[in-house]
Peer 1: 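My structure is below; once you've seen it, I'll send some questions.
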2 protein chains.
Amino acid sequence: MTISHKIISNISVDCVIFGFDFEKLNVLLVERELVDEKSGRILIKDFTLTGYHIFEDEDLDKAAYRILKDLTGFENIYLEQFTVFGKTDRVSNEKDQIWLTYLNQGFSERILTVGYFSLIDSTKVTLSHNERKIHWFPIDEAHNLEWAFDHKQIFMKALEVLRNKVRTEPIAFELLPERFTLTQLQKLYEAIYGTPIDKRNFRKKIVQMPFIVALKVKQKGVPHKPAQLFLFSREVFEKTKKERLGFLF
Amino acid sequence: MTISHKIISNISVDCVIFGFDFEKLNVLLVERELVDEKSGRILIKDFTLTGYHIFEDEDLDKAAYRILKDLTGFENIYLEQFTVFGKTDRVSNEKDQIWLTYLNQGFSERILTVGYFSLIDSTKVTLSHNERKIHWFPIDEAHNLEWAFDHKQIFMKALEVLRNKVRTEPIAFELLPERFTLTQLQKLYEAIYGTPIDKRNFRKKIVQMPFIVALKVKQKGVPHKPAQLFLFSREVFEKTKKERLGFLF
DNA sequence: GCAAAAGTGTTACCGGTACACCCATGC
DNA sequence: GCATGGGTGTACCGGTAACACTTTTGC
């Protein structure tokens with residue numbers, strides 16, 4: 001299948017990309033900067049999500065995967081559509097209009113954007129910067145940033161959906177390496193919810209889940225007692241699905 | 001604010017409308033029928049959700065409210081966007097192409113549709129049929145119907161989202177009259193999940209919720225012991241929100 | 001008085017929560 | 001040997017689940 005690469009001008013996809021550095025939950029943002037050519041003054045300096053228009057003969061989901069692949073080089077990334085943003089004025093504030101004019105898209109037609117969030121194991125990814133300035137920001141700091149368009153709103157909705165989803169589905173593992181320690185998993189949940197969790201109770205609950213499988217391997221080269229490594233088995237999870245009412249945590 | 005009424009041709013909204021008749025959970029569908037003018041043979045006979053394109057200067061949510069108002073006459077209906085359907089082939093099967101050709105839209109550009117679900121108190125609504133054949137169908141039967149476009153898929157996703165949402169948010173009340181009995185509420189939950197619930201345990205749990213307020217009024221004219229009427233107070237719900245972790249049922 | 005649905009309490013069990021100390025490794 | 005995080009068990013409490021009979025009304 002070939003792709004026409006002719007874009008649909010009034011529909012785009014924006015991805016809220018979450019990563020975990022074993023300490024904090026982060027979101028990946030792209031710096032947007034516009035400098036006045038004559039004066040050298042900075043007209044715009046803020047942050048956007050990564051997004052792009054969809055192509056005419058491209059499924060919506062495919063467009064989101066394409067955007068992620070362009071950025072990270074990976075294909076099998078957890079991705080989920082969460083909301084469409086369709087207010088007529090979502091891009092009409094002054095700063096954004098200046099930007100769109102600069103891109104020769106100013107005051108063009110209204111654009112509707114579909115929000116996706118994705119979870120990636122940030123230990124694996126080296127970002128392909130290709131001339132863009134991209135950075136990870138802890139989600140706590142993200143609230144105070146200067147955002148482009150309605151991207152702050154999109155981000156906040158993504159975070160809300162993520163928090164809800166993590167309560168009932170085993171998706172947190174997407175943010176960790178394939179083999180992880182229980183402490184890493186615990187820190188991840190703490191980072192997502194922003195609240196401490198009791199270590200012993202956490203371990204009891206996790207270990208009894210049949211789809212969390214203990215490996216025989218342990219950590220190596222750490223300056224303390226090496227931790228046991230675990231694996232999330234989606235296969236076992238799917239098999240035991242009916243018996244459970246939910247992935248209640 | 002005036003509305004241009006110029007439609008955006010590649011974006012539409014489809015509403016999955018749920019209602020409750022005190023026995024079953026139903027979905028509202030519109031019959032689609034195409035008869036060959038010469039032979040009189042029925043070419044197409046199936047069911048669609050209610051939907052329409054959005055207008056150029058109309059917020060997405062507004063478009064969904066407009067569609068519902070046209071159908072029911074009411075403005076304050078519970079409505080929630082749940083998913084966008086954006087596969088390139090979502091309307092390309094033969095039957096649908098015949099239909100679109102008939103409407104002079106055949107083989108036109110790809111249409112992306114935004115799914116909304118809405119919950120209405122069906123005791124209040126008299127449907128404004130304006131020449132369309134519309135009917136309530138129990139959700140169990142809906143699976144066996146002949147559906148138009150990808151509307152079966154949209155319906156099933158809506159049902160899934162509804163079931164999840166009802167577990168954590170107090171939205172079931174939208175399907176009942178303002179004053180309701182506990183038995184009605186219980187039947188509603190049973191209808192949504194398709195499973196029986198223990199009466200005494202159900203009542204204990206419900207009555208202790210501060211936002212379920214008992215009225216002094218009782219049913220009248222029923223041929224059995226009249227039931228007490230209750231009310232869901234959104235005000236109390238919002239006030240006590242922080243104290244709760246969720247509307248866990 | 002009978003049919004039909006409303007309303008009510010107790011017990012047993014399980015899962016959640018709270019909490020403090022010893023262990024294995026690298027340097 | 002010391003610093004660092006890994007790993008473990010028990011007791012209490014609260015919520016959930018199972019279960020059967022009496023009450024009030026219209027006819």
Side-chain angles (χ1 to χ4, degrees), chain A residues 20-24 123 166-168 176-177 179-191 193 195-231 240 243-249, chain B residues 20-24 123 166-168 176-177 179-191 193 195-231 240 243-249:
Chain A
F20 179 59
D21 60 9
F22 300 119
E23 285 295 328
K24 292 181 167 183
T123 62
V166 164
R167 256 180 241 286
T168 55
L176 289 173
R179 298 158 163 217
F180 52 86
T181 70
L182 293 183
T183 301
Q184 288 169 349
L185 186 62
Q186 181 180 340
K187 283 212 170 133
L188 172 55
Y189 277 97
E190 289 174 335
Y193 292 117
T195 167
I197 301 176
D198 180 87
K199 184 162 72 162
R200 281 184 283 193
N201 294 333
F202 180 83
R203 284 166 180 250
K204 254 181 290 172
K205 219 185 294 184
I206 296 294
V207 169
Q208 81 189 23
M209 297 176 178
F211 45 86
I212 303 282
V213 318
L215 300 173
K216 285 172 189 144
V217 196
K218 298 203 168 189
Q219 279 183 317
K220 276 185 182 161
V222 286
H224 53 77
K225 180 169 175 180
Q228 184 160 28
L229 293 170
F230 290 81
L231 190 65
T240 57
E243 305 161 23
R244 278 172 285 116
L245 288 102
F247 179 78
L248 275 181
F249 185 49
Chain B
F20 179 60
D21 60 10
F22 300 120
E23 284 296 328
K24 292 182 169 185
T123 62
V166 164
R167 255 180 241 288
T168 55
L176 290 172
R179 299 158 163 217
F180 53 85
T181 70
L182 293 184
T183 301
Q184 287 168 349
L185 186 62
Q186 181 180 340
K187 283 213 172 131
L188 172 54
Y189 276 97
E190 290 174 334
Y193 292 117
T195 167
I197 301 175
D198 181 86
K199 185 162 71 162
R200 281 183 282 193
N201 293 334
F202 179 83
R203 284 166 178 250
K204 255 179 289 171
K205 220 184 294 185
I206 295 293
V207 168
Q208 82 188 24
M209 296 176 180
F211 44 86
I212 303 282
V213 318
L215 300 174
K216 284 170 189 144
V217 196
K218 298 203 168 189
Q219 278 184 317
K220 274 184 183 162
V222 286
H224 54 76
K225 182 172 175 178
Q228 183 160 29
L229 293 170
F230 290 81
L231 189 66
T240 57
E243 305 160 23
R244 276 172 285 116
L245 289 101
F247 179 78
L248 274 181
F249 184 51

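Order of the sequence lines sets the chain letters (A, B, ...), proteins ahead of strands, with each chain counted from 1. FYI, side chains are in, hydrogens and waters are out, and symmetry mates aren't considered; it's all heavy atoms of this structure.
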Peer 1: List the atom of B:Glu23, the atom of B:Ala191, and the distance in Å for their closest heavy-atom pair.
Peer 2: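 Taking B:Glu23 first and B:Ala191 second, the nearest heavy atoms are O-CB, 4.1 Å.
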Peer 1: Rounded to whole Å, please give me the gap between CG in A:Asp198 and P in C:dA20.
Peer 2: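 Distance, rounded to whole Å: 11 Å.
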Peer 1: Rounded to whole Å, how long is the line connecting atom NZ of B:Lys218 with atom C1' of C:dA6?
Peer 2: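 One finds 9 Å between C1' of C:dA6 and NZ of B:Lys218, rounded.
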Peer 1: Please state whether the rings of A:Tyr189 and A:Tyr193 are parallel, tilted or perpendicular, taking 30° and 60° as the class boundaries.
Peer 2: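 Ring orientation, 0 to 90° scale: parallel.
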Peer 1: Measure from CD on A:Gln186 to P on D:dT8 and round the result to the nearest Å.
Peer 2: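 A:Gln186 atom CD is separated from D:dT8 atom P by 14 Å.
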Peer 1: Any donor-acceptor pair under 3.5 Å between the side chain of A:Lys204 and the base of D:dT10?
Peer 2: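 Such a pair is found, so the answer is yes.
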Peer 1: Specify the closest pair of heavy atoms between B:Lys218 and B:Pro226, including all atoms of both residues, with the distance to one decimal.
Peer 2: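 Closest pair (atom of B:Lys218, atom of B:Pro226, distance): CD-O, 4.1 Å.
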Peer 1: What is the separation between atom NZ on A:Lys220 and atom C1' on D:dG5, rounded to the nearest whole Å?
Peer 2: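 After rounding, the gap between these two atoms is 19 Å.
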Peer 1: Testing the basics here: between B:Arg203 and B:Thr183, what is the closest heavy-atom pair and its distance to 0.1 Å?
Peer 2: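 The answer is NH2-OG1, 3.1 Å.
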Peer 1: Does any non-hydrogen side-chain atom of A:Thr123 lie less than 4.5 Å from one of A:Phe20?
Peer 2: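 SC-SC contact between A:Phe20 and A:Thr123 ruled out.
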Peer 1: Does any residue of residues 222-230 of chain A have a heavy atom under 4.0 Å from DNA chain C, and if so, which ones, in number order?
Peer 2: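 A:Val222, A:Pro223, A:His224, A:Lys225, A:Pro226 - these, ordered by number, are the residues of the stretch whose heavy atoms sit under 4.0 Å from the strand.
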Peer 1: Does D:dA18 have OP1 or OP2 sitting under 4.0 Å from an N or O in the side chain of B:Arg200?
Peer 2: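 B:Arg200 to D:dA18 OP1/OP2: no side-chain N or O under 4.0 Å.
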Peer 1: Can you name the closest pair of heavy atoms from B:Gln186 and B:Ile197 and give their distance?
Peer 2: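 Shortest heavy-atom separation between B:Gln186 and B:Ile197 comes out as NE2-O, 2.8 Å.
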Peer 1: I need the minimum non-hydrogen distance between A:Phe180 and A:Leu185, along with the two atoms involved.
Peer 2: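 That would be CE1-CD2, 4.1 Å.
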Peer 1: Just how far, in rounded Å, is P of D:dT10 from CG of A:Asn201?
Peer 2: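 The distance from CG of A:Asn201 to P of D:dT10 comes to 14 Å, rounded to the nearest Å.
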Peer 1: Between D:dT8 atom P and A:Leu182 atom CG, what is the distance in whole Å?
Peer 2: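 For the pair A:Leu182 CG and D:dT8 P, the rounded distance is 9 Å.
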Peer 1: Roughly, in whole Å, what's the span from NZ in B:Lys199 to P in D:dT22?
Peer 2: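 The distance from NZ of B:Lys199 to P of D:dT22 comes to 14 Å, rounded to the nearest Å.
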Peer 1: Can you tell me if B:Arg203 touches the phosphate of C:dT8, counting only side-chain N or O atoms and a distance under 4.0 Å to OP1 or OP2?
Peer 2: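 It does not, given that no N or O in the side chain of B:Arg203 lies less than 4.0 Å from OP1 or OP2 of C:dT8.
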Peer 1: Taking CD from A:Gln219 and P from C:dG26, how many angstroms apart are they, rounded to a whole number?
Peer 2: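 It is 11 Å, rounded to the nearest whole Å.
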Peer 1: Can you check whether any acceptor in the base of C:dG16 is under 3.5 Å from a donor in the side chain of A:Lys205, or vice versa?
Peer 2: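 No, no donor-acceptor pair under 3.5 Å.
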Peer 1: With respect to the phosphate group of D:dG6, does any side-chain polar atom (N or O) of A:Thr183 fall under 4.0 Å of OP1 or OP2?
Peer 2: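 Checking D:dG6 against A:Thr183, a side-chain N or O does come within under 4.0 Å of OP1 or OP2.
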